Q: 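This is the structure I have questions about; it appears just below.
The structure presented is a predicted model; accordingly, all values stated were derived computationally and were not measured.
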Amino acid sequence: MLRKLLNAIAVLALSAQIAAADVELSGFIDMSFLSNDGDKTLSLDQLEVDFSSDLGEGISVRADMNALSENVALEQAYIAYETGSGVDLTLGKFLSCTGFEAAEPTGMYQYSYSATLVYGGYQHGISASYGKEKFALYGALVSSVWDGNEKELDDDFGLEAQLTLTPAAGVTAKAALAMEDEQRLINVWALYEKGPLSLAAEVNVLSDWTKDDAKYDSGLGYLEMANYALNDKIAITARYSAIALTPPGDGKDKETNEITLAPSYALSDNWALVAEVKMLTEGEADAVPIIGLESLLTF
């Protein structure tokens, strides 16, 4: 009984602190039906609640709570400081700078991820960025680029650096280097947006790569994507992506490629439905059809 009372007091105290700090609440609910080569699932994929607050003098904080199936975890939490001179600092657990496709479904053009998903994840560390009108520089020291559970800063710490260019209206290009121990990723992508049309291309160059406990000397992945909005409610996305991993010695490359077509419909400003048909090919096996239907509600 005493423990329950103390827990209740703690919750009330936390609620009072949140109200006093003028915390903004946002998030999303992501649910899907998936048919993977005939195997069907219906699930609540993700519930995320994000807390953020502007503390003034260039200081802000953010924390994202993420629920996947039955597991609830702190996805990221960080302190951000805008110095006022173009330099921004971030301390805590935050997302890697690498990759064109977003980490959250709210930033995706379709339901699934590409075959060349080799980006860094959520990382413990410190980062700094400097930006002007047409370019920005970013660098980060993290405990691990790809393992969000790694906290020890030992000989296998990670480093990231990125250059962002916006040379013309609607054009964004980014080049990043991520490295941890001997494993390295060079990630380059560009996005062109004009009116209802968005076009993107990405290349990933890998070295000393590990995937599914297997070691590869190198790898090359790429992505091409087009999205077109037919009107305010209906859009369609087409994507092709592939990756080839080269094992040590004279072994044959491990190849994966996919082609995806995904129309979407906005029921409201906060609720979207996405349908997707993907043909996934791994090695010399026949292409596998994957069909997805997604409901994504933001708040």
Side-chain angles (χ1 to χ4, degrees), residues 46 48 62-64 66 68 71 73-81 87-105 107-108 113-131 136-165 172-191 200 202-223 241-248 254 256:
Q46 190 174 355
E48 179 166 313
R62 174 167 175 159
D64 296 1
N66 194 20
L68 296 172
N71 298 319
L74 179 65
E75 185 175 66
Q76 66 174 353
Y78 58 81
I79 303 169
Y81 177 46
V87 177
D88 297 339
L89 301 175
T90 303
L91 301 90
K93 187 176 183 181
F94 47 83
L95 184 62
S96 166
C97 68
T98 56
F100 165 70
E101 291 194 316
E104 303 289 12
M108 296 282 281
Y113 286 101
S114 72
T116 182
L117 184 67
V118 291
Y119 315 146
Y122 288 95
Q123 311 162 340
H124 297 270
I126 180 172
S127 70
S129 63
Y130 175 77
L137 297 172
Y138 172 92
L141 170 66
V142 298
S143 54
S144 175
V145 174
W146 290 278
D147 184 359
N149 295 319
E150 179 61 53
K151 300 177 183 179
E152 294 184 5
L153 195 63
D154 51 23
D155 294 339
D156 295 332
F157 63 88
L159 294 171
E160 287 194 337
Q162 185 180 70
L163 169 65
T164 300
L165 299 175
T172 302
K174 297 190 178 186
L177 169 66
M179 53 190 298
E180 180 181 342
D181 197 11
E182 299 298 323
Q183 183 166 299
R184 288 173 173 79
L185 163 65
I186 297 175
N187 170 253
V188 180
W189 63 264
L191 173 66
E202 178 181 51
V203 175
N204 291 301
V205 180
L206 317 175
S207 61
D208 292 300
W209 199 256
T210 300
K211 179 179 174 59
D212 300 329
D213 296 325
K215 298 288 187 179
Y216 299 92
D217 284 342
S218 60
L220 177 64
Y222 57 90
L223 172 153
S241 65
I243 190 169
L245 300 172
T246 303
K254 180 179 180 181
T256 303

Q: List the residues meeting side chain to side chain contact (heavy atoms under 4.5 Å, CB included) with Ala244, not counting sequence neighbours, and say none if there are none.
A: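 Applying side chain to side chain contact (heavy atoms under 4.5 Å, CB included) to Ala244 gives Asp253, Glu255.
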Q: So, taking the atom named CG in Leu117 and the one named OG1 in Thr256, what distance separates them when rounded to the nearest 0.5 Å?
A: 12.0 Å
Q: Does any non-hydrogen side-chain atom of Leu89 lie less than 4.5 Å from one of Ile126?
A: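 In short, these two side chains do not touch, never coming nearer than 4.5 Å.
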Q: I'd like to check the side chain to side chain donor-acceptor pair (under 3.5 Å) partners of Arg62; sequence neighbours left out, ordered by chain and number.
A: Asp50, Asp64
Q: Return yes if a side-chain donor-acceptor contact under 3.5 Å exists between Thr98 and Ser96, otherwise no.
A: yes
Q: Is it true that atom CZ of Phe157 has more than 12 heavy atoms of other residues, nucleotides or ligands lying nearer than 6.0 Å?
A: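 Counting neighbours around CZ of Phe157, 12 or fewer heavy atoms of other residues, nucleotides or ligands fall under 6.0 Å, so no.
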Q: How many angstroms lie between atom CG of Leu91 and atom OH of Tyr78, to the nearest 0.5 angstrom?
A: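 Atom-to-atom, Leu91:CG and Tyr78:OH are 12.0 Å apart.
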Q: Do Glu180 and Ser144 have side chains that get closer than 4.5 Å, going by heavy atoms?
A: yes
Q: For the residue pair Trp209 and Leu185, establish whether any side-chain heavy-atom pair is separated by less than 4.5 Å.
A: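 In contact.
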Q: Contact between Val145 and Met179 at the side-chain level, heavy atoms closer than 4.5 Å - yes or no?
A: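 A side-chain contact under 4.5 Å is absent here.
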Q: Determine all donor-acceptor pairs shorter than 3.5 Å in which one atom belongs to a side chain in residues 210-218; sequence neighbours excluded.
A:
{"from": "Thr210", "atom 1": "OG1", "to": "Lys215", "atom 2": "NZ", "distance (Å)": "3.1"}

Q: So how far is it from Phe100 CZ to Thr172 OG1, rounded to the nearest 0.5 Å?
A: 10.0 Å
Q: Do Met108 and Tyr113 come close enough that some side-chain heavy atom pair is under 4.5 Å?
A: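 They are in contact (side-chain heavy atoms under 4.5 Å apart), so the answer is yes.
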Q: Can you check whether Glu202 reaches Tyr119 side chain to side chain, under 4.5 Å on heavy atoms?
A: yes
Q: Please examine the side chains of Glu104 and Glu75, heavy atoms only from C-beta on, and report whether any two atoms are closer than 4.5 Å.
A: yes
